[in-house]
4 protein chains.
Amino acid sequence: MTCNSQTKLISSTLKKNGFMQTVNENKKIGRKERERLFKRREILLAAVDLFARNGFENTKLDDIAEASEFGKGTLYNYFHNKEEIYFASIKQIFDDYCEMHERILNNTETLKEYFEETTKSLIQYCVNNKSSFIMLVRFRTRIMDRQKLEGFNLLTGFYEQVNQMLTKRIKQAIKNNEIRKVDSESLILLYKSMIIPYLHLNFIANDNLEIDVEKETKFILSVLFNGILIK
Amino acid sequence: MTCNSQTKLISSTLKKNGFMQTVNENKKIGRKERERLFKRREILLAAVDLFARNGFENTKLDDIAEASEFGKGTLYNYFHNKEEIYFASIKQIFDDYCEMHERILNNTETLKEYFEETTKSLIQYCVNNKSSFIMLVRFRTRIMDRQKLEGFNLLTGFYEQVNQMLTKRIKQAIKNNEIRKVDSESLILLYKSMIIPYLHLNFIANDNLEIDVEKETKFILSVLFNGILIK
Amino acid sequence: MTCNSQTKLISSTLKKNGFMQTVNENKKIGRKERERLFKRREILLAAVDLFARNGFENTKLDDIAEASEFGKGTLYNYFHNKEEIYFASIKQIFDDYCEMHERILNNTETLKEYFEETTKSLIQYCVNNKSSFIMLVRFRTRIMDRQKLEGFNLLTGFYEQVNQMLTKRIKQAIKNNEIRKVDSESLILLYKSMIIPYLHLNFIANDNLEIDVEKETKFILSVLFNGILIK
Amino acid sequence: MTCNSQTKLISSTLKKNGFMQTVNENKKIGRKERERLFKRREILLAAVDLFARNGFENTKLDDIAEASEFGKGTLYNYFHNKEEIYFASIKQIFDDYCEMHERILNNTETLKEYFEETTKSLIQYCVNNKSSFIMLVRFRTRIMDRQKLEGFNLLTGFYEQVNQMLTKRIKQAIKNNEIRKVDSESLILLYKSMIIPYLHLNFIANDNLEIDVEKETKFILSVLFNGILIK
DNA sequence: CATGAATGAGGTTTCATTCAT
DNA sequence: AATGAATGAAACCTCATTCAT
């Protein structure tokens, strides 16, 4: 349908921007290059964990080197500096998110369906990838320092594209009398604030909280869709 | 009413914990002590601004000294170390919040009224005190490092008290058929995530955004109360 | 006798150098000046205690101010800087020693008598004035930094005079067949090392040691006079 | 004999405590480790010299860095902090002393022989290693601040072991009618105060004193053994 | 490529001294 | 004379980055 063709377009746009770049996609690379990418990924794996636990400023290159079982100098064969490791870590997470988002856009028709799917998937992802989830939380704060930080533009640029697709779907839903007439941008922001920050507050309030994905999904959606008042 | 007597109690509990302590309350202090508090406040004023703009780790004591127009060593006559300056800054903000919260609890009866008042007041506060608002945003991330940081217990203890009061009111509202039956803790967390994080995302999305307090309040509450679906 | 005339001479020499200067000697000073000297002495009293406990580098002017119950700035009305307080503290102790030494020289005839008296008196003094004793211990180490420190020359100059008197007495004792023929300078140094350093090692070995003055005196002298071997 | 079997035991006790640990003992270490130890030793060499000249508090890390021709940060690859450098310096000296002491215990039978050997060797060591000698002098004062300083326990523990061995020998000598009946602990302390402190006073009295090892040894022992009086 | 020793700029903190009151 | 807030030089220590092996 229209939606599909839209998302196909989006998907390829994202790919062009490099957000979807993965190891598997390009079949032409040789063994050497594959090994290199593999090791790079090992470093990022260690980095995500540490950045999540301690934040950017309190993560030392020594820590990353030790955790990834490489020498400290070796890291500089894969990244120019600490910040680049950080960005690559974030990008990895964004790529995952992107992939998920694309799939959901392709597989849903109504806005309600979209919200249901994306909420559940995102919460599931956070539960499965605790470190990535915490990095996302930290990133939202850290992004405020963006005047100092190159590379943020690239990442925020990505946000805008996702938002554009979502905006279209919201406007469609309003036209279809599926939802009330609301400012689409505000709705996007409010919806976003109801997932990651909500899980974050849960995380703070209860350190070892085992999140019940179904229950939380249902709760968030019930408020988002119907509110709390009894009419 | 019951609510009032409850809140009176709460209020005094908070005061005992020192969260409400302000310069004015104790009339006995002399000129010297007033001057000292004034200068201390000057330092915090500068610090809040810098911590907000750059975060804790990227704010140097030199910066605070320069901004507050004191010598670097002078800061140590008012605070033991950098972290204490940070905590004092945060506490100032929490005190403000506490005062506001107490006033609203005393002046509202229904949960709907409470949400209306508190949402509007909080957004207004964020608009009026941009630096404090950003510090709150940063604090929510920073609190995840709390295992390292003494002093957080005090602050988080405060959260719990506010939550307890709110919980009572929510349960009352459910009993009164004002709202649907929901898990009160989840509701509190979700509501919280709809204010500061929502404004935060607005802030990120549009750097120099002039927030329209009335409009945002209305929007948040409309979703919180009624949801977005057309039935 | 010869001894007496000697010591009289010595005594006046020392006085001229200012080592014997005390509050009482000069009757001409008025109430204001007496008060000033009294307060100065209060400061030194506190300083000796702190310098003894913590050493020069680890004693802060704040500590001295607090212990002497004066304001920090006030100290600078009595001394130019920290080092001057230190020297004045030491000088006080040297004055005491000087007084004692003079008295003993006047009241003894043979070298044996002199050693008996001076050993006992010095140990007694150390027991009675623990802080002064420890300052002496520290001073002997600190004096090695004298290249940096003005004022040391004055103090070491004093040593030489005492040594000169003692030297004469030793040479006399050798001539009188009281003691074996020994190098007088060496004997002085060895004797000195048998009192303060010996007490010091006792102090280190047994922190709260209650020193038995008679016993220690007897032991030191028995070795000094007769050695340990059985012939 | 008995003595030998005693000392053999002692020797191995000290080794177990790590006081005898030296580079040479363990042949298994590789080139890298040897280089590391060599550089570590270079740093200590510079440190001992500076600590001796200026004392702990007046020796700056910059000084040590400059003197050892390393960057300031490099020092921290070998030691955790300034104090550790200090302790390592002291330990080096104690190790030397320990080795010497063990050798002498093994090679002497009577107490007289022991005193003769140890006095001569110690004075010789001080003459050959002026900086180490001065560090020992300073250490005896500094040890009084031990309540503040971790690591001293290790070092003082060492003292006790040496003392125990010496005590046994003294008691044996008394039983054998070699020396008069004296309190062994007192004798140990007095003997100790006759070496290092005596040399120290020599050093103070005459800055560039060239010490005549034979002469000083003979003098100290003559007093220790026979006293000064003519009977 | 892999390494980790070496580096020094840059951070926090201390404290003797000054000076306005 | 007495005070203590203000000061900033100087100390220790960290850690991202470089580079010789």
Side-chain angles (χ1 to χ4, degrees), chain A residues 32 35-36 39 56-66 68-86, chain B residues 31-32 35-36 39-40 43 57-66 68-85, chain C residues 32 35-36 39-40 43 56-66 68-86, chain D residues 31-32 35-36 39-40 43 57-66 68-85:
Chain A
K32 281 278 187 59
E35 260 179 35
R36 190 181 161 75
K39 288 178 186 172
F56 178 79
E57 339 277 345
N58 297 316
T59 298
K60 293 160 212 158
L61 277 183
D62 275 302
D63 300 337
I64 300 176
E66 193 189 342
S68 63
E69 295 177 81
F70 282 105
K72 196 171 17 169
T74 309
L75 304 187
Y76 283 84
N77 289 332
Y78 293 88
F79 303 94
H80 286 93
N81 51 37
K82 188 183 169 186
E83 212 157 64
E84 198 175 294
I85 300 180
Y86 177 75
Chain B
R31 183 182 61 83
K32 279 279 184 61
E35 261 177 39
R36 191 181 160 76
K39 287 177 189 171
R40 197 186 125 106
I43 294 170
E57 341 274 346
N58 297 317
T59 298
K60 317 302 169 203
L61 276 176
D62 276 306
D63 301 338
I64 301 177
E66 194 187 340
S68 62
E69 293 178 84
F70 283 107
K72 200 174 5 174
T74 308
L75 303 187
Y76 285 85
N77 291 334
Y78 293 89
F79 303 94
H80 287 93
N81 52 38
K82 187 181 167 188
E83 211 159 61
E84 199 176 292
I85 300 180
Chain C
K32 281 277 186 62
E35 260 179 37
R36 193 181 157 75
K39 288 179 186 171
R40 196 184 125 104
I43 294 169
F56 179 78
E57 341 276 346
N58 296 318
T59 297
K60 295 160 210 157
L61 277 184
D62 275 302
D63 300 337
I64 300 177
E66 194 189 340
S68 63
E69 295 177 81
F70 283 106
K72 197 172 14 170
T74 309
L75 303 188
Y76 284 84
N77 289 331
Y78 293 89
F79 303 94
H80 286 94
N81 53 36
K82 189 183 168 186
E83 212 158 63
E84 199 176 293
I85 299 180
Y86 177 76
Chain D
R31 184 183 59 83
K32 278 280 185 61
E35 260 178 37
R36 191 181 160 74
K39 288 178 188 169
R40 197 185 124 104
I43 294 169
E57 340 276 344
N58 296 317
T59 298
K60 315 305 167 202
L61 274 175
D62 276 303
D63 300 339
I64 301 178
E66 195 186 340
S68 63
E69 293 177 84
F70 282 107
K72 195 173 15 173
T74 308
L75 303 188
Y76 286 86
N77 290 334
Y78 293 88
F79 303 93
H80 286 94
N81 51 39
K82 187 183 166 186
E83 211 159 62
E84 200 176 294
I85 300 180

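Each chain gets a letter, A, B and so on, in the order its sequence line appears, and its residues count up from 1. What you see is a predicted model; the values in this text were computed from it and never measured.
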* **Runs of at least three Watson-Crick or G-U pairs with DNA chain E, cut-off 3.5 Å** =>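 DNA chain E stems, ordered by first number: E:2-21 with F:2-21.
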Sub-4.5 Å side-chain heavy-atom contact between [X] and [Y]:
X: Leu61(D); Y: Phe79(D); answer: no
X: Thr74(A); Y: Ser68(A); answer: no
X: Arg36(D); Y: Tyr78(D); answer: yes

* How long is the gap from OG1 on Thr59(B) to NZ on Lys82(B), to the nearest 0.5 Å? ->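 The distance works out to 6.0 Å.
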* Just how far is it from atom CZ of Arg40(C) to atom CZ of Phe70(C), taken to the nearest 0.5 Å? ->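 Arg40(C) CZ to Phe70(C) CZ: 12.5 Å, rounded to 0.5 Å.
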Send over the distance from [X] [atom1] to [N] [atom2], rounded to a whole Å.
X: Glu66(A); N: dC15(F); atom1: CD; atom2: C1'; answer: 15 Å
X: Glu83(D); N: dC12(F); atom1: CD; atom2: P; answer: 12 Å
X: Glu84(D); N: dC12(F); atom1: CD; atom2: C1'; answer: 15 Å
X: Phe79(C); N: dA1(F); atom1: CZ; atom2: P; answer: 13 Å
X: Asp63(A); N: dC15(F); atom1: CG; atom2: P; answer: 9 Å
X: Asp62(A); N: dT14(F); atom1: CG; atom2: P; answer: 12 Å
X: Lys72(D); N: dT14(F); atom1: NZ; atom2: C1'; answer: 11 Å
X: Glu35(B); N: dG4(F); atom1: CD; atom2: P; answer: 14 Å

Mind checking if [X] touches a base, just sugar-phosphate, or nothing, with heavy atoms under 4.0 Å?
X: Arg36(C); value: sugar-phosphate
X: Leu61(C); value: base
X: Lys60(A); value: sugar-phosphate
X: Tyr76(C); value: base
X: Lys82(B); value: sugar-phosphate

* Asked: Pick the nucleotide of DNA chain E nearest each of Thr74(D) and Asn81(B); which residue has the one closer to the 5' end?
  ->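 Upstream on the strand: Thr74(D).
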* **Most 5' of Glu57(C) and Glu69(A) on DNA chain E, judged by nearest nucleotide** =>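 Counting from the 5' end, the first nearest nucleotide belongs to Glu69(A).
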Does [X] have any salt bridge (charged side-chain N to carboxylate O under 4.0 Å, His left out) partners at least two apart in sequence or in another chain, and if so, which?
X: Lys72(C); answer: Asp62(C)
X: Glu69(D); answer: none
X: Glu35(A); answer: Arg31(A)

* **Whichever of Lys39(C) and His80(D) has its nearest DNA chain F nucleotide further upstream toward 5'** =>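 That would be Lys39(C).
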* **Which residue lies more 5' along DNA chain F, comparing Asn77(C) with Thr59(A) via nearest heavy atoms** =>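 Mapping each residue to its closest nucleotide by heavy atoms, the 5'-most match is Asn77(C).
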* Considering all heavy atoms, the nearest Gly71(C)-Ala65(C) contact ->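 Nearest pair, atom of Gly71(C) first, then Ala65(C): C-CB, 4.1 Å.
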* **Boundaries of the chain D footprint along DNA chain E (any atom under 4.0 Å from a heavy atom)** =>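 Extent of the interface on DNA chain E: dA5(E) to dG10(E).
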* With Glu66(A), which residues qualify under side chain to side chain donor-acceptor pair (under 3.5 Å), at least two apart? ->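 Glu66(A): no side chain to side chain donor-acceptor pair (under 3.5 Å) contacts found.
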